[in-house]
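Accompanying notes for the structure given below.
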There are 2 protein chains.
Amino acid sequence: MAGGPHILPNVPRISGGRPALPYEPICAVFRRYLHGQKLKFTPERAMILDAVLRQSGLFEAERLAVDLRRLGHRVSRATVYRTLAHLQDAGILKQVFFDNKQSYYEVIAGRQAYDYLICVSTGKVIEFSSEKLRSLRDEICRQHSFEPLSHQFHIFGLSPEAKSAANKSSGEADRKSGG
Amino acid sequence: MAGGPHILPNVPRISGGRPALPYEPICAVFRRYLHGQKLKFTPERAMILDAVLRQSGLFEAERLAVDLRRLGHRVSRATVYRTLAHLQDAGILKQVFFDNKQSYYEVIAGRQAYDYLICVSTGKVIEFSSEKLRSLRDEICRQHSFEPLSHQFHIFGLSPEAKSAANKSSGEADRKSGG
DNA sequence: CTGATTGCAAACACTTTGCAGCAGA
DNA sequence: TCTGCTGCAAAGTGTTTGCAATCAG
């Protein structure tokens, strides 16, 4: 994907993988996906999925590695990354990009993906979900004969707390954080 | 988000830097910014800004380095990155994230930033601009008492060309992958 | 049994940084 | 002159990959 036209990797379907059953356990979804791809359900994959499902909100690959180790599981980083990719293909995870340091992940199986307000001052991330946004997305796509598979909407700015903090210390370190 | 708040870098103001004059040349904007920050306007910075302004649409740092070399200018990669950061601070550029490989940049000085439709099949990027989207963004921010500075909206999916290509070769590809 | 999977470590690619000499203002 | 700037090369970091041993189905 580097170099020429960069083809994007595993982008999940807009509402997660087809939900065969209304409340099918996510683990079953994953096993079904693996089976369909002639891939194997290994203990490592089970552990990683488990750790993934324990996360609340966005998380990074490194966080998973740490959590797994804390649970006494030894899984290599390579396997974490490889499994993360499968989980995306299976429609269970969505990869989120909002800085050039690393990727973030979000569980989307069986629900709408979130969008985010990101405070550039504190780094705080606020989730939100907007039906209007999804309609607008579809409208825009229709205008371009484009078939949407997923989207990312990130709003960067100042959270309420950051604003009041900024007021108190009255413009001194404003640019500092930017570099 | 986990692991220490990651403070986001130079995020431009929502409509670019304050436009002192209606059609002030971008170079002048940059010089004014540099002067204000007690920074210097060097030949390297001038060349980089020039190369930046020649770009159409999104571009990567590497592309700039190549273009500069092709124009017979010798500018180190380090200086390119350092200048790119200043151009963001000056409200001339916006950094765009849509993969975990590298950053992309877009000129926003004096105009609305674009949003993008990204074809996951061909890698093609289609720009669009939506006033409705900006209104919705502001509405969402109001609901959260959040002050927006900039946003990124990326829609991943299939471009019209990719869809027709998929249709043509659909039969064989489907059978190939084993259903 | 056989092909997929794992861990490891090396490889990778983009980006950042320390430093010594250079040069705007 | 006095800072800030540049190029270079090395360092940094998240992620990917080659390979031999191992394991799921």
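In what follows, every heavy atom counts, from backbone to side chain, and hydrogens, waters and symmetry copies are set aside. Just so we're on the same page: letters track the sequence lines, and every chain starts at 1.
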In whole angstrom, what separates A:Glu62's CD from D:dT13's P? 12 Å

Would a line drawn from the ring center of A:Phe98 to the ring center of A:Tyr104 be shorter than 6.0 Å? yes

So does A:Tyr81 get a side-chain nitrogen or oxygen closer than 4.0 Å to the phosphate oxygens (OP1/OP2) of D:dT15? yes

Side chain of A:Thr79 (C-beta onward), nearest among C:dG24, C:dT6, D:dT6: C:dT6

What's the closest nucleotide to the side chain of B:Arg82 if the choices are C:dT17, C:dA9, C:dT15? C:dT17

Would you mind reading off the distance between A:Phe30 atom CZ and D:dA24 atom P, rounded to a whole angstrom? 15 Å

Quick check against the 3.5 Å criterion: does B:Lys124 have a side-chain atom that pairs as donor or acceptor with the backbone of B:Ala162? no

Report yes or no: is there a donor-acceptor pair, N or O only, under 3.5 Å between the side chain of B:Arg45 and the base of C:dG24? no

Would you mind telling me which of C:dG24, D:dT15, C:dG7 lies closest to the side-chain atoms of B:Pro43? C:dG24

Please determine whether residues B:Val120 and B:Ile126 belong to a single hydrophobic cluster, defined as Ile, Leu, Val, Met, Phe, Trp and Tyr linked transitively by side-chain heavy-atom distances below 4.5 Å. no

Give one of base, sugar-phosphate or nothing for A:Arg74, where a contact means two heavy atoms less than 4.0 Å apart. sugar-phosphate

Within this structure, what is the CZ-to-P distance between B:Phe41 and C:dG24, rounded to whole angstrom? 11 Å

Rounded to whole Å, the CG-P distance (B:Leu34 to D:dT3) equals 19 Å

Would you mind reading off the distance between A:Gln102 atom CD and D:dT16 atom C1', rounded to a whole angstrom? 16 Å

With a 4.0 Å limit, can you tell me whether B:Ser103 has a side-chain N or O closer than that to the phosphate oxygens OP1/OP2 of C:dC14? no

5'-most contact on DNA chain D: B:Thr42 or A:Lys40, nearest heavy atom basis? B:Thr42

Pair A:Arg134 + A:Asp138: basic N to acidic O under 4.0 Å: no

Using whole Å, what does the distance between atom P of nucleotide C:dT6 and atom CG of A:Leu39 come to? 10 Å

Whole Å only: how far is the CD1 atom of A:Ile48 from the P atom of C:dT5? 12 Å

Separation of A:His86 atom NE2 from D:dT16 atom C1', in whole Å? 13 Å

So, do A:His151 and B:Phe153 have ring centers that fall under 6.0 Å from each other? yes

Out of C:dG24, D:dC8, D:dT6, whichever nucleotide has its closest atom nearest the side chain of B:Ala78: D:dC8

